[in-house]
Amino acid sequence: MTIEITRDKRWIIPPHITGEADSALEKFPPILRQILFNRGFATYEESKNFLNGKPNIDTNPFQMTGMEKAIDRIQFAIKNNEPIAIYGDYDVDGVTATALLVDALKSLNANVDGYIPNRFEEGYGLNPNALDDLKSRGVKLVISVDCGIRSPNEALHAKNIGLDLIISDHHHPDGENLPDAFAVINPKQHGDVYPDKDLAGVGIAYKIAEALFSVQNPMMNDLDWLLDLVALGTVADLAPLVGENRVLVKRGLRQMRQTTRQGLFSLAGVSELSVPKITAMDIGFRLGPRLNASGRLKEALASFELLTTTDVFKAGELAQQLEMQNRERQRITREMQTRAEEIATSQDKDSHLLFAVDESFNSGVIGLAASRLTEKYYRPAVVASKGEEETRGSCRSIPEFHITDALDECADLLVRHGGHAAAAGFTVKNENLTEFVLRLKSVAEEKLSGTELKPTLTADAEVSLSEIRPELYEKCLRYLEPTGYGNREPSFVARNVKVKNSRTVGAEGKHLKLSLEDEKGLTHDAIGFRLGDWHKNIPARVDILFTYELNEFNGRVNYQLNLKDLKKS
């Protein structure tokens, strides 16, 4: 493995494929062999399954602890026409999971409806008032999706008022202290043997539907019509696109491109996307943010209704509403990011963790502001909205620092908390806020002290630029899609590349546009986002780390290098 340090980043080039693996993968082109080897594939069968989107594991949903008990209870509710509530979170994962189970259960003639709490009035996850309200409406069974695993008090409340509660969640449990619910479905819980621990909340909802249909209606076992929702929620929630997630998203994108879901047509329309050409990147950067916008600024019911409505006019109105809310969300995020940066950097410029709290911060957008801080400074970041009695915070982190484990070390100071390695949330009483900030920063200091904090870019291979041709994309690279978190786009390093032309593009010249010439005299278009400051002093020859992508703009299709970093040769 080769490690190189550039001005701002660290490049890693993995070791060359072994002779044994090279022979085993000889049916694939050489560059693809190296890419597969870098991703842990050293046999032909595993590689073929990966490229074709077939699982290498047993995906029987009944392997999950609690699944059989949960399915029996759901069947009883359907048979006896008991009112069922699907209780989701207000982000895209929670909304798609809610829509998925509502659609699935309605197709089995269940008496079911969705419930998504208001972020500002009810907060994250299960809450006693909502459970009381559902009980008063005659609901007998509540199924949580994408929340509940850290809600022992709420689970006890449901039990005390006579509600059967099935918790399905993908967040990390609090050790072995599980909520006392009718059933708990979470492959991360202690002792669960389900082989894939990385499913998103919507992925687990899909496994519940899969299990239910296998016993309730075995003849209707093709559930591809639900996979567009799985793809939406999985990609938007940054679940790693490996293992079963990759399989589900690959199939889900295929379903999305031929969807009959009216809300998706309308959402794609306001996002200026062609439905038959939707990619995982489109979900992450265009569809997902719009679906998230309603829950960030008001309530997520608009997104839920958009995904479940069959009314073309209502779908159009809801999509337009989300588009306007997304533009407002972007404006608020820009303003909050500027203010959060001022607060965080004025406190302690050398801190290993950035922390910004303010009474004016919109709690629906604090996660986005934290993400921007982490991206810019490559530090774990916390942005929090301070209320009269409590402060709600959102955390984003870097691979070197598990943010939820860090919050666990402060658990005695928190009202509640939870999340993943890279993202988490918490609520703290204001009287404990100062001590909490000091302790969390102390944890970060202990874990990160002595570590050189620079973003790491991993290339798949060092290549001659003349090897990078459209045929490589068509015959190799496109089969690696969907790419994203956990399954990065294949990237390459090319040395001593001649710069023919350089200019800046975009607002304030933030981006770099290059024409590069390879060893054979052929020209390659290249774009370097946020690399515009290189233009003034661009060397005549550069080493580049890049991905190779299909670019469609104004109806024109071409291939381009997407520069992730460069340095003087």
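In this structure, the separation between CG on L232 and CD1 on I283 is 5.0 Å, given to the nearest 0.5 Å. Summarising the geometry, atom OG1 belonging to T504 is positioned 12.0 Å from atom CG belonging to L531; distances are rounded to the nearest 0.5 Å. Rounding to the nearest 0.5 angstrom, the gap separating the CG atom in N111 from the CG atom in L105 is 10.5 Å. Rounding to the nearest 0.5 angstrom, the gap separating the CG atom in D196 from the CG atom in L199 is 5.0 Å. Taking CG of L253 as the start and OG1 of T279 as the end, the distance is 7.5 Å to the nearest 0.5 Å. Note that CD1 of I84 is 8.5 Å distant from CD1 of I166, once rounded to the nearest 0.5 Å.
Between E474 and Y559, the side chains place a donor N or O and an acceptor N or O closer than 3.5 Å (distance only, hydrogens not considered). In this model, no donor atom of one side chain and acceptor atom of the other lie less than 3.5 Å apart for D311 and T309. Inspection of the Q255 and D224 side chains reveals no N or O donor paired with an N or O acceptor under 3.5 Å. Using modelled atom types and a 3.5 Å distance limit, the side chains of R392 and T427 yield no donor-acceptor pair. Side chains of R150 and H417: a donor on one and an acceptor on the other come within 3.5 Å. Between E489 and Y548, the side chains place no donor N or O within less than 3.5 Å of an acceptor N or O (distance only, hydrogens not considered). Looking at D91 and N292, their side chains never bring a donor and an acceptor atom within 3.5 Å of each other. Defined by atom type and a distance below 3.5 Å, a donor-acceptor pair is present between the side-chain atoms of D228 and T259. A donor-acceptor pair shorter than 3.5 Å can be found between the side chains of D146 and H170. Of the N and O atoms on the side chains of S491 and T547, not one donor lies less than 3.5 Å from an acceptor on the other residue.
The closest donor-acceptor contact from the side chain of R396 to the backbone of A422 lies at 3.5 Å or more, if one exists at all. Proximity of a side-chain donor or acceptor of R261 to a complementary backbone N or O of L306 within less than 3.5 Å is not detected. One N or O on the side chain of Q63 and one on the backbone of N60 form a donor-acceptor pair closer than 3.5 Å. Side chain of R246 to backbone of E481: a donor-acceptor contact under 3.5 angstrom is found. N551 places no side-chain N or O within donor-acceptor distance of the main-chain N or O of Q560, the cut-off being under 3.5 Å. Not one N or O on the side chain of S151 forms a donor-acceptor pair closer than 3.5 Å with the backbone of C147. Here the side chain of D133 pairs no donor or acceptor atom with the backbone of N129 at under 3.5 angstrom. The backbone N or O of S144 lies less than 3.5 Å from a partner atom in the side chain of S168, making a donor-acceptor pair. Put simply, the side chain of D192 gets close to the backbone of Y194: a donor and an acceptor are under 3.5 Å apart. Checked by atom type and distance alone, the side chain of Y90 never pairs as donor or acceptor with a backbone atom of S294 at under 3.5 Å.
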Working note: R478 + E549, criterion salt bridge (charged side-chain N to carboxylate O under 4.0 Å, His left out); need CA distance, chi angles, decisive distance, verdict. CA-CA 9 Å; R478 71 184 184 92; E549 62 188 19; over 6 Å; no
Take D460 and R39 through the salt bridge (charged side-chain N to carboxylate O under 4.0 Å, His left out) test and state the conclusion after the steps. CA-CA 9 Å; D460 282 287; R39 282 153 179 71; 2.6 Å; yes
Under the side chain to side chain contact (heavy atoms under 4.5 Å, CB included) rule, what do D89 and V145 come out as? Steps first, then yes or no, please. CA-CA 7 Å; D89 186 21; V145 288; over 6 Å; no
Evaluation steps, side chain to side chain contact (heavy atoms under 4.5 Å, CB included), between T374 and I398: CA-CA 7 Å; T374 294; I398 55 179; 3.8 Å; yes
Please lay out, stage by stage, how R329 and L368 fare under the test side chain to side chain contact (heavy atoms under 4.5 Å, CB included). CA-CA 10 Å; R329 187 271 308 166; L368 298 176; 3.2 Å; yes
Take Y206 and L227, measure what side chain to side chain contact (heavy atoms under 4.5 Å, CB included) needs, and give me the verdict at the end. CA-CA 8 Å; Y206 178 78; L227 286 175; 3.7 Å; yes
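Looking only at side-chain heavy atoms (C-beta outward), V112 and I143 stay at 4.5 Å or farther from each other. Using a 4.5 Å heavy-atom threshold, the side chains of L100 and I208 count as separate. The closest side-chain heavy-atom distance from V242 to F50 is not below 4.5 Å. V95 places none of its side-chain heavy atoms less than 4.5 Å from the side chain of D93.
Of all the heavy atoms in P490 and L477, the pair that sits closest is CG-CD2, 3.8 Å. The minimum heavy-atom distance between A423 and I403, with the atom names listed, is N-CG2, 3.7 Å. Nearest approach of A356 to F361, heavy atoms of both residues: O-CE1, 4.1 Å. What you find for N487 and L480 is that their closest heavy atoms are ND2-O, 3.3 Å. For the residue pair V275 and A268, the shortest heavy atom distance occurs at CG2-CB, 3.6 Å. Here the closest heavy-atom approach between residue A70 and residue I185 is recorded as CB-CD1, 3.7 Å.
In summary, K140 and D164 do not engage in a salt bridge, as defined by a charged side-chain N under 4.0 Å from a carboxylate O. For the pair K277 and D282, the salt-bridge criterion is not met [side-chain N within less than 4.0 Å of a carboxylate O]. The pair K54-E244 fails the salt-bridge criterion, with no side-chain N (NZ, NE, NH1 or NH2) lying under 4.0 Å from an Asp/Glu carboxylate O. Ion pair D113/R137 not flagged as a salt bridge, since none of the NZ, NE, NH1 or NH2 atoms sits closer than 4.0 Å to an Asp/Glu carboxylate oxygen. The existence of a salt bridge linking E341 and K376 is confirmed by a sub-4.0 Å separation between a basic side-chain nitrogen and an acidic carboxylate oxygen. Looking at D358 and R339, a side-chain N of the basic residue comes within less than 4.0 Å of a carboxylate O on the acidic one, giving a salt bridge. Using a 4.0 Å cut-off between charged side-chain N and carboxylate O, R73 and E82 make a salt bridge. Ion pairing between a basic and an acidic side chain is recognised when a charged N comes within 4.0 Å of a carboxylate O; E328 and R331 show such pairing. Under the 4.0 Å criterion applied to side-chain N and carboxylate O atoms, E210 and K207 are assigned as salt-bridge partners.
Between F529 and H511, the ring planes lie perpendicular to each other; the angle is over 60°, past the 30° to 60° tilted range.
Within 6.0 Å of NZ in K197 there are more than 12 heavy atoms belonging to other residues, nucleotides or ligands. Other residues, nucleotides and ligands contribute more than 12 heavy atoms inside 6.0 Å of the CZ atom of R257. With a 6.0 Å radius and a threshold of 12 heavy atoms from other residues, nucleotides or ligands, E508 has its CD atom at or below the threshold. Open room surrounds CZ on F285; 12 or fewer heavy atoms of other groups in view lie less than 6.0 Å from it. Atom CZ of F265 has more than 12 neighbouring heavy atoms from other residues, nucleotides or ligands inside a 6.0 Å radius.
Remark: T98 engages no residue in a side-chain hydrogen bond (donor to acceptor under 3.5 Å, both in side chains) (not counting sequence neighbours).
Within the cation-pi definition used here (under 6.0 Å to the ring centroid, within 45° of the axis), R416 does not qualify as a partner of F426.
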